[in-house]
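Data first, discussion second: the structure below is written as structure tokens.
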Amino acid sequence: MEENTEDVKVLEAQIESLRDEIAGLKRQQQENSKDLTLHFSGHMQDALSCMFGLKGAGGREEVLSRLREEVEELAEDLQRQTQMNGITLNSCTTQTLQSSGRKLVQQICISGYYSELEFQVEFRLSEVKDGQTSERTISCLNVVMDACDLQSFGSFLSGVEESRDFLLFFRTLRAFADRCDDRRKTFQHFQAKYPSVVSLPEGCRSEVMTLHHPELPGCVLLVHWSVEVTREGGVTPKIDLLTKIPEEALQLFPSQAVGGAAEAFQSLLRLLGPEAAVESIIRAITLQPNV
């Protein structure tokens with residue numbers, strides 16, 4: 001009997017502890033709800049107040065109807081923005097780290113993509129109010145890029161994280177992706193036009209296109225097309241012609257002609273531009289030996 005009494009007391013104590021914990025969580029939820037509504041205005045604030053049981057303007061149906069209209073307008077604005085700059089946002093999450101009368105600190109994470117380059121930007125936004133004015137600062141910026149062709153992007157990302165320059169990041173991201181798209185389209189064009197000569201061993205988004213004549217096995221020219229990014233955000237394509245010729249074949253060609261192929265290609269680049277220069281090299285490879 002005494003053992004049962006002790007068990008009951010333990011259970012009652014556990015139940016009371018759970019009640020206290022639930023009450024604390026409810027208070028915290030109410031505070032978070034109030035804090036959330038303070039950062040919105042208009043229909044959004046009314047809707048959140050209504051959803052969380054706080055004081056709001058109008059009935060529930062009216063408030064939710066106005067909210068739907070506002071969400072549709074925001075979606076249209078976002079779509080127009082995407083059409084203008086090409087950047088698509090997949091998600092945006094916000095976590096309140098500190099909230100007081102004067103200071104608000106939030107952890108914000110934004111993910112999206114431009115062309116085929118995916119990115120995730122995470123930063124801490126602090127807002128300090130002083131009377132009628134407020135000051136916002138950004139800290140702890142972290143940028144993650146999901147792509148394999150970013151060897152030259154690392155130094156630039158480090159600089160952006162130090163300077164916290166969002167505009168520079170997105171401007172450089174667009175320029176870098178556009179130059180990569182130019183390379184991809186050029187490679188695909190020549191592969192379709194000269195399938196017996198052009199191959200892309202690592203895919204159309206790689207930096208290398210190989211050129212070889214079917215009747216000259218082992219003789220390969222490599223077009224190496226990289227996109228370099230400086231720490232300051234400058235984006236520059238760099239195109240080189242590399243030769244891969246066996247020793248036996250070298251005996252059939254003048255050494256000066258083979259050795260000067262890279263220099264001649266650079267001259268063509270300056271005179272004709274990338275596409276015309278590459279096509280000139282491809283046409284030279286496809287010529288018959290006695291022509």
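Outside the 6.0 Å centre-distance limit, the rings of F176 and F156 are not counted as a close aromatic pair. Close placement of the F166 and F123 rings is indicated, their centers lying within 6.0 Å of each other.
D182 has no carboxylate O lying under 4.0 Å from a charged side-chain N of R184, or vice versa, which leaves the two without a salt bridge. Remark: E116 engages R205 in a salt bridge, criterion side-chain N to carboxylate O under 4.0 Å. A salt bridge does not link E135 with K129: none of the charged nitrogens is closer than 4.0 Å to a carboxylate oxygen.
Nearest heavy atom pair, residue F265 against residue D240, reads CE2-C, 4.1 Å. For the pair Y194 and E279, the tightest heavy-atom approach, listed with the atom from each and the gap, is OH-OE2, 2.7 Å. For the residue pair L268 and S280, the shortest heavy atom distance occurs at CD1-CB, 4.2 Å. In terms of heavy-atom proximity, S206 sits nearest to G203 at OG-O, 2.9 Å. Across all non-hydrogen atoms, the minimal contact from S226 to R183 is CA-NH1, 4.0 Å. Nearest approach of C92 to I108, heavy atoms of both residues: SG-CG2, 4.2 Å.
One hydrophobic cluster, built from ILVMFWY side chains closer than 4.5 Å, holds both L271 and V223. L272 and W225 fall within a single hydrophobic cluster, where Ile, Leu, Val, Met, Phe, Trp and Tyr are joined by side-chain heavy atoms under 4.5 Å apart, directly or via other members. The hydrophobic cluster containing V128 does not contain L104, counting ILVMFWY residues as joined when their side-chain heavy atoms lie under 4.5 angstrom apart, directly or transitively. Linking Ile, Leu, Val, Met, Phe, Trp and Tyr whenever their side-chain heavy atoms come within less than 4.5 Å puts L89 and Y114 in one cluster.
The structure places CD1 of I282 at 10.0 Å from CG of L221, a figure rounded to the nearest 0.5 Å. The CG atom of L241 lies 9.5 Å from the CE atom of M209; values are rounded to the nearest 0.5 Å. Note: L211 CG to I281 CD1 = 8.0 Å, rounded to the nearest 0.5 Å. Between the SG atom of C140 and the CD atom of Q107 there is a distance of 7.0 Å, given to the nearest 0.5 Å. Between the SG atom in C204 and the CZ atom in F190 there is a gap of 15.0 Å [rounded to 0.5 Å]. Between atom CD of residue E275 and atom OG1 of residue T186 there is a gap of 4.0 Å, rounded to the nearest 0.5 Å.
Between the side chains of Q95 and Q106, no donor-acceptor pair is found at a separation under 3.5 Å. For S111 and N90, the side-chain atoms include no donor-acceptor pair closer than 3.5 Å. Residues Q266 and R270 have side chains that never bring a donor and an acceptor to within less than 3.5 angstrom of each other.
The shortest side-chain heavy-atom distance between I110 and E122 does not fall under the 4.5 Å cut-off. Residues M145 and L157 have side chains in contact (heavy-atom distance under 4.5 Å, counting atoms from C-beta outward). Two residues are said to be in side-chain contact when any heavy atoms from C-beta on lie closer than 4.5 Å; T230 and E232 meet this criterion. The closest side-chain heavy-atom distance from V235 to E228 is not below 4.5 Å. The shortest side-chain heavy-atom distance between D178 and S115 does not fall under the 4.5 Å cut-off. Under the 4.5 Å side-chain criterion, counting only non-hydrogen atoms from C-beta, L125 is in contact with R136.
Sorted by first and then second residue, the pairs that involve residues 153-170 and meet salt bridge (Lys or Arg N to Asp or Glu O under 4.0 Å), not counting sequence neighbours, are E162-R231.
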- Task: Evaluate the criterion side-chain contact (heavy atoms from CB on, under 4.5 Å) for residue pair R124 and L97; output intermediate values, then yes/no.
- Result: CA-CA 9 Å; R124 187 167 296 180; L97 303 180; 3.5 Å; yes

- Message: Run L141 and V121 through side-chain contact (heavy atoms from CB on, under 4.5 Å) and show every step you take.
- Response: CA-CA 7 Å; L141 175 63; V121 180; 3.5 Å; yes

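For the ring-ring contact (aromatic ring centres under 6.0 Å, His included) with F119, the qualifying choice from F153, F170, Y113 is F170, the only one to do so.
Looking only at distances, a side-chain donor or acceptor of T133 sits under 3.5 Å from a matching main-chain atom of D130.
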